[in-house]
Structure formats: C-alpha cells, structure tokens
*Asks:* 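One structure, pasted below without further comment.
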Amino acid sequence: MKDKTVIITTLNDAWAEPGSIFDLFLESFRLGNQTKKFLNHLVVITWDQKAHARCLALHKHCYQVETKGDNFTGEAFFMTADYLHMMWRRIEFLGTVLDMGYNFVFTDTDIMWLRDPFKQFYKDTDFQIACDFFNGNSYDLNNHPNGGFNYVKSNKRTILFYKFWFNSRNAYPKLHDQDVLNKIKKDSFVSNMKLKVRFLSTSYFGGFCQHAEDFNKVSTMHANCCVGLENKVNDLKILLEDWKKYVALPESKKNQSHPSWSVSCRTSFERAKQKKQKNKGRLRRALVVTV
C-alpha cells in the first residue's frame, strides 16, 4: 500500500487443496464489504511447491520460501514437531519483513475477511493483535492473544521485539509462538523497549472461541478453537453462508435484524479425541492380527 503495508498469509499444500481453506479465504474477500480491493495487497507465502502452484493458479502475489529440506506439505497437527517448526519459521520470516521496512497485517488463512479491518485498527500503535478471548481492555496484557492476526508497524522497537520473540523459543522449547508470546509480553525487556501494544476486540475481530456477535460491526472471523482441517472447512463454509444471508438483507433490515452465527467448532476437540482413540484401536487390532 502507499504506506508500505502488505497483507501476508502463509499456505501449505494441505490448506491449498481445491475446496479447502485457501478457496474459502479468497472467497471471503470477494463476499466481504469493501474487502475485494485488499487482494491487490495480499502476498501469499507458500511453504512447498504444490501450494505455490495452486496459489499461482488463483492469485497473482505468491512467494515461495526456501525451507531447506523441511517438509511442510501435509496438515501440521496442533503442537506436533512440524506444527511448532512451521510456526517459528513464520515468526522468523515476519521479522525479516519488518527488517525490510514493511508494515504488515498477518492473517491466518482460516480467517474470513468480512469488512475493512483498517478502520478498527488503533492509531499510533506498534503491535496490535487479535484475541481468542478479549476482556474489554485493549491495553491489558492479561488478554489472551492469538498470533493468527496482527498488525505490526516496522520500526526499531518491533524489529527488536520480533528478534526477541523468535529467540525466546529456545527458553521455551515445548511451547508454540503464541504461548511464548504470553510468556514474554510482561518481560522487562519488552517493557523497557517501550513497545506500544494493543489487543483487538473480538466484537470486531471475532472467532469460534468468542464470536463477533454484531454482524453490523464484524471485520474478521477466525476458525480458532477448532481442531482439524475437515472441521475448519465445514464450519467456515457455514459461516460464509450466514454472511451471505446477512448481505442479502435490505439495508433497512440489517440494523433491525439480529442474525447469529450457526457455527460452533468447540465440539471438534472432542471429535478429534474420539478419532485419535479410534485410530489407536485400529492400530492395536492390526498389531494383534499381524502377531
């Protein structure tokens, strides 16, 4: 953009498959209220060749990152070694973007863009981030941030902060980037650098953890608190159908009606647990047969 701001998302093959997350992500820009223009400023960072080819077939700004032998092709399940490695590679990459002098909005691909988020961003803030759960105070460090959506301005403070965040992975080797952020956000090193931090309200930047209830205000909706690619795709499709019904309402009725989201992916945790137990049972039976 004119102020050197770029919108960035990351993509691997599992999320790039036809009918999967990437298709829904791009569709949200086209269905959203004045969001289609942002596709001109969206750079998709691809982790593998298949995702890159799929990206180029659908979008004009795709950039493949060299991963030096890493395999980020398949679905990276939450907290597995592949997942952790991918998340830290992302933080490292975003730090280089700041180093190059670019501001960025980072958005996970399972976030639906429904309105212009820039209208809700805070002015004069270095680092602002969405929340799984927002307590009502945008300055309160006790909020629960979600690293899947943030707006960061390039300056000495944010460049130093991202280096500190990335290097902190060594102090917490079993935690992912978001949990490490929770550990370091109150660190004296961060407070001493005078980093201006704000947390974004879920009234505008909602998700499956805590919905943005007012359709007249919502900017983005995130498939957080939702485990498994299949579950995310299913509920995001339902979410976009809810949005289409809202958009189809006459303007006079949009303020009068009180639509609600039909999605609640919280049961996905239980479904994922049951699926894991079922797979273990199959493995045991297979081993018995083999023996």
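Model, not experiment: these values are computed from the prediction. We use all heavy atoms of the structure for the numbers below, so side chains are in, but hydrogens, waters and symmetry mates are not.
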*Asks:* Give a yes or no on whether the backbone of Ala130 and the side-chain of His222 come within a donor-acceptor separation of less than 3.5 Å.
*Replies:*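 Such a contact is absent between His222 side chain and Ala130 backbone.
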*Asks:* Does any part of the side chain of Asp132, heavy atoms only, come nearer than 4.5 Å to the side chain of Gln178, both counted from C-beta?
*Replies:*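 Heavy-atom side-chain distance check passes, below 4.5 Å.
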*Asks:* Between Gln210 and His144, does a side-chain contact (heavy atoms from CB on, under 4.5 Å) hold up when you go through it step by step?
*Replies:* CA-CA 11 Å; Gln210 194 173 59; His144 297 273; over 6 Å; no
*Asks:* Stepwise, does the side-chain contact (heavy atoms from CB on, under 4.5 Å) test hold for Leu240 with Ser28?
*Replies:* CA-CA 7 Å; Leu240 288 181; Ser28 76; 4.2 Å; yes
*Asks:* So which of Thr109, Asn224, Val227, Ile21 actually passes side-chain contact (heavy atoms from CB on, under 4.5 Å) with Lys232?
*Replies:*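 With Lys232 as partner, side-chain contact (heavy atoms from CB on, under 4.5 Å) holds for just one option, Ile21.
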*Asks:* In sequence, state the C-alpha distance, the side-chain angles, and the governing distance for Tyr151 and Thr5, and then conclude on side-chain contact (heavy atoms from CB on, under 4.5 Å).
*Replies:* CA-CA 9 Å; Tyr151 176 33; Thr5 296; 4.2 Å; yes
*Asks:* Take the angle between the ring planes of Phe161 and Phe127 and call it parallel below 30°, perpendicular above 60°, tilted in between.
*Replies:*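 Perpendicular, since the angle between the ring planes exceeds 60°.
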*Asks:* Is the NZ or CZ atom of Arg169 both under 6.0 Å from the centre of the six-membered ring of Phe166 and within 45° of that ring's axis?
*Replies:*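 Because its charged atom sits under 6.0 Å from the ring centre and within 45° of the axis, Arg169 does stack over Phe166.
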*Asks:* Please answer whether the main-chain N or O of Lys123 pairs with a side-chain N or O of Thr125 as donor and acceptor at a distance below 3.5 Å.
*Replies:*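 Such a contact is found between Thr125 side chain and Lys123 backbone.
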*Asks:* When you measure from the centre of the six-membered ring of Tyr246, is the NZ or CZ of Lys254 closer than 6.0 Å and no more than 45° off the axis?
*Replies:*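 Yes, a cation-pi geometry.
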*Asks:* Could you tell me whether Tyr63 atom OH has more than 12 heavy atoms of other residues or ligands within 6.0 Å of it?
*Replies:*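 Open.
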*Asks:* Of all the heavy-atom pairs spanning Leu24 and Met112, show the shortest one and how long it is.
*Replies:*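 Closest approach of Leu24 to Met112, heavy atoms only: O-SD, 3.5 Å.
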*Asks:* Between the side chain of Asp177 and the main-chain N/O of Trp88, is any donor-acceptor distance below 3.5 Å?
*Replies:*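 No.
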*Asks:* Looking at Gly148, is its backbone amide N or carbonyl O close enough to the side chain of Asn146 to form a donor-acceptor pair, meaning the two atoms are under 3.5 Å apart?
*Replies:*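 It does hold such a pair.
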*Asks:* Distance-only, no hydrogens or angles: does the Gln128 side chain make a donor-acceptor pair with backbone N or O of Leu200 under 3.5 Å?
*Replies:*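 Such a contact is absent between Gln128 side chain and Leu200 backbone.
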*Asks:* Below 30° counts as parallel, above 60° as perpendicular, anything between as tilted: where do the rings of Phe104 and Tyr162 land?
*Replies:*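 The arrangement is perpendicular - the two ring planes meet at more than 60°.
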*Asks:* Measure the CD-OG distance between Glu213 and Ser260 for me, rounded to the nearest 0.5 Å.
*Replies:*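 OG of Ser260 is found 7.5 Å from CD of Glu213.
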*Asks:* Provide the closest heavy-atom pair for Phe106 versus Gly147 in the form atom of the first, atom of the second, distance.
*Replies:*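 Looking at all heavy atoms of both residues, the shortest contact is CD2-O, 3.8 Å.
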*Asks:* In this structure, would Leu56 and Val43 fall into the same cluster of hydrophobic residues linked by side-chain contacts under 4.5 Å?
*Replies:*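 Per the 4.5 Å side-chain linkage, Leu56 and Val43 are not co-clustered.
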*Asks:* Just checking Met1: does its CE atom have more than 12 heavy atoms from other residues, nucleotides or ligands closer to it than 6.0 angstrom?
*Replies:*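 Buried by this count: over 12 neighbours within 6.0 Å.
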*Asks:* Which atom pair, heavy atoms only, marks the closest approach of Asp13 to Ala51?
*Replies:*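 Scanning both residues completely, I find the closest heavy atoms to be N-CB, 3.6 Å.
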*Asks:* If you take all heavy atoms of Leu39 and His59, which pair is closest and at what distance?
*Replies:*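 Heavy-atom minimum between the residues: O-CE1, 3.1 Å.
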*Asks:* Look at the aromatic rings of His211 and Trp261 and report parallel, tilted or perpendicular, splitting at 30° and 60°.
*Replies:*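 Geometry flag for Trp261 against His211: perpendicular rings.
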*Asks:* Tell me whether Lys244 at atom NZ has more than 12 heavy atoms from other residues, nucleotides or ligands lying less than 6.0 Å away.
*Replies:*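 Result for NZ/Lys244: enclosed.
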*Asks:* What's the spacing between Ile91 CD1 and Asn167 CG if we round to 0.5 Å?
*Replies:*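 If I round to the nearest 0.5 Å, the distance is 12.0 Å.
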*Asks:* For Thr9, does its backbone N or O pair with a side-chain atom of Thr107 as donor and acceptor, under 3.5 Å?
*Replies:*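 No: the side chain of Thr107 does not pair with the backbone of Thr9.
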*Asks:* Can you confirm whether or not the ring centre of Phe133 sits under 6.0 Å from the ring centre of Phe199?
*Replies:*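 Not under 6.0 Å, so no.
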*Asks:* For Phe38, check ring-ring contact (aromatic ring centres under 6.0 Å, His included) against everything at least two apart and list the hits.
*Replies:*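 Per chain and number, Phe38 pairs via ring-ring contact (aromatic ring centres under 6.0 Å, His included) with Trp113, Phe118.
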*Asks:* So with a 6.0 Å cut-off around NZ of Lys37, is the heavy-atom count from everything else above 12?
*Replies:*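 Count over threshold, so yes.
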*Asks:* Taking Lys50 for its side chain and Ala16 for its backbone only, find out whether a donor-acceptor pair lies under 3.5 Å.
*Replies:*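 Not at all, since once roles are kept as given, no pair shorter than 3.5 Å links the two residues.
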*Asks:* Let me see the working for Asn137 and Asn142 under side-chain contact (heavy atoms from CB on, under 4.5 Å), right down to the final yes or no.
*Replies:* CA-CA 9 Å; Asn137 182 353; Asn142 292 312; over 6 Å; no
*Asks:* Side chains of Asp48 and Asn12: do they bring a donor and an acceptor to under 3.5 Å?
*Replies:*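 Absent: no donor and acceptor within the cut-off.
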*Asks:* Above 12 or not: heavy atoms from other molecules or residues under 6.0 Å from NZ of Lys4?
*Replies:*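 Enclosed.
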*Asks:* Answer yes or no: is there a donor N or O on one side and an acceptor on the other, between the side chain of Trp243 and the main chain of Leu114, under 3.5 Å?
*Replies:*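 A pair under 3.5 Å: no.
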*Asks:* Please find the pair of heavy atoms, one from Asp235 and one from Phe208, that lie closest to each other, and give the distance.
*Replies:*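 Here Asp235 and Phe208 meet closest at CB-CE1, 3.7 Å.
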*Asks:* Show, in sequence, the C-alpha distance, side-chain angles and deciding distance for Glu27 and Lys237, and conclude whether the salt bridge (Lys or Arg N to Asp or Glu O under 4.0 Å) test is met.
*Replies:* CA-CA 10 Å; Glu27 185 181 1; Lys237 284 181 178 177; over 6 Å; no
*Asks:* Between Phe189 and Val197, is there shared hydrophobic-cluster membership here, with clusters defined by ILVMFWY side-chain heavy atoms closer than 4.5 Å?
*Replies:*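 Yes, one cluster joins them.
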*Asks:* Report yes or no: do Met100 and Leu98 belong to one cluster of Ile/Leu/Val/Met/Phe/Trp/Tyr joined by side chain heavy-atom distances under 4.5 Å?
*Replies:*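 Cluster IDs for Met100 and Leu98 match.
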*Asks:* Pick out which of Arg157, Lys153, Lys194 makes a salt bridge (charged side-chain N to carboxylate O under 4.0 Å, His left out) with Asp126.
*Replies:*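 Exactly one candidate clears the test, Arg157.
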*Asks:* So does Val218 get a backbone contact from the side chain of Arg115, meaning a donor-acceptor N/O pair under 3.5 Å?
*Replies:*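 Such a contact is found between Arg115 side chain and Val218 backbone.
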*Asks:* Is any side-chain heavy atom of Ile111 closer than 4.5 Å to one of Phe205?
*Replies:*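 No, every pair of side-chain atoms sits at 4.5 Å or beyond.
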*Asks:* If you look at every heavy atom in Val233 and Gly19, which pair is closest and at what distance?
*Replies:*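 Between these two residues, the closest heavy atoms are CG1-O, 3.7 Å.
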